[in-house]
There are 2 protein chains.
Amino acid sequence: MATNDDDIFGAAIAKLERLAKLDDQDRAAIRALPCDVRSVPANSVLVRNGEETTQCALLLGGFACRQRAAGDGGRQIVSFHLPGDIVDLQTVMLPRADHDVQTITPAKIGWMPTTALRALIRERPNVADALWCDTLIDGSIYREWVLNVGRRSARARIAHMLCEFAVRAAAGRSAPDRIQLPMTQNDIADATGLTPVHVNRMLQELDRMDVIVRDKRDIRITDWPALQRIADFDARYLHAVA
Amino acid sequence: MATNDDDIFGAAIAKLERLAKLDDQDRAAIRALPCDVRSVPANSVLVRNGEETTQCALLLGGFACRQRAAGDGGRQIVSFHLPGDIVDLQTVMLPRADHDVQTITPAKIGWMPTTALRALIRERPNVADALWCDTLIDGSIYREWVLNVGRRSARARIAHMLCEFAVRAAAGRSAPDRIQLPMTQNDIADATGLTPVHVNRMLQELDRMDVIVRDKRDIRITDWPALQRIADFDARYLHAVA
DNA sequence: CGCCCGTTTGAAATAATTCAACACCGGTGG
DNA sequence: CCACCGGTGTTGAATTATTTCAAACGGGCG
């Protein structure tokens with residue numbers, strides 16, 4: 001079971017394994033999935049609102065975001081995605097996408113036919129459980145985001161986004177203290193429902209408050225408890241991703 | 001297959017049937033679900049954040065909302081629920097609740113053991129498909145809400161909430177023109193991330209703009225296209241609930 | 001070198017909040 | 001039967017968080 005260069009499913013399996021018990025057959029079935037690997041530049045659209053899809057994108061490397069466009073041209077990022085995430089699992093059941101998914105860095109994508117995923121789900125109940133858990137956790141994250149943009153101050157929203165990203169990037173490992181943000185301040189603005197200039201000012205404020213220190217997009221969290229407090233962050237909504 | 005008084009699953013089955021093909025055995029299996037029916041007053045807590053649950057609540061009559069509490073005492077409603085909704089489906093896979101569910105009117109609830117639901121999902125793939133679709137649509141609605149509170153003006157947020165509620169209440173039937181809101185302006189405020197007084201002013205504004213006319217909580221939509229335009233509402237995110 | 005993207009800064013404008021008071025209504029109890 | 005009461009809705013004025021607009025900076029890259 002050593003991870004070799006071809007084990008593109010490593011991160012994804014590790015993630016699913018945190019959500020449900022998988023046996024050897026389950027793992028083998030996942031590894032047997034046909035998967036077309038491609039490298040794409042930043043800002044590539046992986047899923048487009050309204051389109052019908054026959055392929056599912058597994059994020060193998062790099063970062064992506066899920067977003068909805070407002071009628072006035074504004075956009076709202078509704079989630080960020082890390083390596084190991086199946087970025088459009090809902091197209092397995094709901095073929096017509098209701099939003100966009102876009103890479104925010106250069107990324108490596110594994111494309112899998114939805115039919116193969118569907119078959120996997122029917123044949124491997126454990127995998128189905130894990131994937132269902134995954135969508136439920138996505139739902140939980142969305143709920144937290146509604147709370148975040150709906151009821152928290154600008155400063156708290158940004159702190160919260162940092163907290164979430166830090167613990168998700170840690171992926172089960174502990175104590176996230178340094179994060180390399182893949183997204184621009186503009187992206188943070190679109191994720192928190194704020195203006196880029198206000199995001200900038202709030203980041204400076206968090207810096208002045210000595211809870212983070214910034215070196216461009218490299219952020220060191222110097223006071224994790226304080227950041228959590230400011231953010232009103234309670235990791236339980238992530239359901240033991242940690 | 002005539003609906004009798006005991007057919008408490010009518011609304012739920014109708015809803016699932018809109019999401020996936022069900023056969024007679026599927027329907028029979030659903031109807032065979034053990035279900036303990038109770039009437040509860042308004043503001044009853046059905047699911048409490050942090051608690052482990054062994055029962056799932058099916059909303060048979062009345063209305064409920066799903067909400068998260070902010071650390072400062074504020075609350076954010078993240079969705080409303082109508083008769084036929086399984087109000088805490090995620091507890092089937094994720095036993096520990098990450099939010100609250102509360103009735104907003106007197107309601108009739110059918111309590112079902114999660115184990116029975118879990119067994120149903122394992123044995124009836126069609127039902128599993130329908131339920132999965134349902135959770136995916138919930139996710140889509142959450143995404144729309146993130147956009148709503150994150151990027152739209154107060155007026156648009158409230159208009160959007162009205163639009164969504166109107167088409168969901170219509171449940172497949174067309175042209176919703178009159179809706180009886182079950183929630184207070186305070187609830188609307190908590191759902192849109194606004195203040196109760198601002199909600200009040202915006203409702204008045206929509207009234208003055210002649211797109212709705214109000215008689216306490218009874219709202220007649222007099223200009224549906226205009227309301228949709230103001231709301232930036234596009235029903236596709238509801239995925240053919242209509 | 002020059003250009004573009006992302007970041008930073010300042011000042012003015014505004015949407016929404018806050019606070020406080022009042023009207024209304026159905027229900028409850030004296 | 002009336003008086004009171006809490007919850008809901010409404011109004012006004014002052015305050016504030018955030019936006020808007022505009023301009024400048026810096027650094028990586030062709």
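Hydrogens, waters and symmetry mates play no part in the numbers below; they use all other heavy atoms, side chains included.
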It should be established whether [X] places a side-chain nitrogen or oxygen under 4.0 Å from OP1 or OP2 of nucleotide [N].
X	N	answer
B:Asn200	D:dG9	no
A:Gln204	C:dT7	no
A:Arg217	C:dT7	yes
A:Gln185	C:dT8	yes

Grab the [atom1]-[atom2] distance between [X] and [N] for me, whole Å please.
X	N	atom1	atom2	value
A:Arg201	D:dA17	CZ	P	13 Å
A:Glu205	C:dT8	CD	C1'	15 Å
A:Asp207	C:dT7	CG	P	14 Å
A:His198	D:dA17	NE2	P	9 Å
B:Ile158	D:dG9	CD1	C1'	14 Å
A:Asp218	C:dG6	CG	C1'	16 Å
A:Met202	C:dT9	CE	C1'	14 Å

Checklist entry - Relative to the ring of B:Phe165, is the ring of B:Phe63 parallel (under 30°), tilted (30 to 60°) or perpendicular (over 60°)? => result tilted
[Y] and [X] side chains, donor-acceptor separation under 3.5 Å:
X	Y	result
B:Arg143	A:Tyr142	yes
B:Asn200	B:Gln204	yes
B:His160	B:Gln228	no
B:His99	B:Arg68	no

Checklist entry - What residues in residues 144-156 of chain A put a non-hydrogen atom under 4.0 Å from any atom of DNA chain D? => result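 Those residues whose heavy atoms fall under 4.0 Å from DNA chain D, taken from residues 144-156 of chain A in numerical order, are A:Ser153, A:Ala154.
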Per-pair distances, 0.1 Å, donor-acceptor, side chain in residues 74-83 of chain B, under 3.5 Å, sequence neighbours excluded:
from	atom 1	to	atom 2	distance (Å)
B:Arg75	NE	B:Asp190	OD2	2.6
B:Arg75	NH1	B:Gln67	OE1	2.7
B:Arg75	NH2	B:Asp187	OD1	2.4
B:Gln76	NE2	B:Asp190	O	3.0
B:Gln76	NE2	B:Ala191	O	3.1
B:Ser79	OG	B:Arg66	NE	3.3
B:Ser79	OG	B:His81	NE2	3.0
B:His81	ND1	B:Asp85	OD2	3.0
B:His81	NE2	B:Arg66	NE	3.1
B:His81	NE2	B:Arg66	NH2	3.1

Next on the checklist: I'd like to check the salt bridge (Lys or Arg N to Asp or Glu O under 4.0 Å) partners of B:Arg236; sequence neighbours left out, ordered by chain and number.
Outcome noted: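 Residues passing salt bridge (Lys or Arg N to Asp or Glu O under 4.0 Å) with B:Arg236: B:Asp234.
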Less than 4.0 Å between a side-chain N and a carboxylate O, is that true for [Y] and [X]?
X	Y	result
A:Asp207	A:Arg214	yes
B:Asp218	B:Arg220	no
A:Glu51	A:Arg96	no

Checklist entry - Which part of the nucleic acid, if any, lies within contact of A:Arg214, taking any heavy atom under 4.0 Å across all strands shown: a base, the sugar-phosphate backbone alone, or nothing? => result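 It contacts sugar-phosphate atoms only.
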Does the [X] side chain pair with the main chain of [Y], one donor and one acceptor, at a distance under 3.5 Å?
X	Y	value
A:Ser140	A:Leu238	no
B:Ser153	B:Ala156	yes
B:Thr103	B:Ser44	yes
B:Thr184	B:Asn186	yes

Checklist entry - Toward the 5' end of DNA chain C, which comes first, A:Asn186 or B:Arg157, by nearest nucleotide? => result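 Taking each residue's closest nucleotide, the earlier one in sequence belongs to A:Asn186.
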For nucleotides 2-5 of chain C, tabulate all protein N/O to nucleotide N/O atom pairs closer than 3.5 Å, reporting atom names and distance.
none

Checklist entry - Could you run down nucleotides 22-30 of chain D 5' to 3' and tag each one B, S or - for protein heavy-atom contact under 4.0 Å? => result ---------
Checklist entry - What dot-bracket string describes DNA chain C from 5' to 3', counting Watson-Crick and G-U wobble pairs whose defining distances are under 3.5 Å, with [ ] for crossing pairs and | for pairs to another strand? => result ||||||||||||||||||||||||||||||
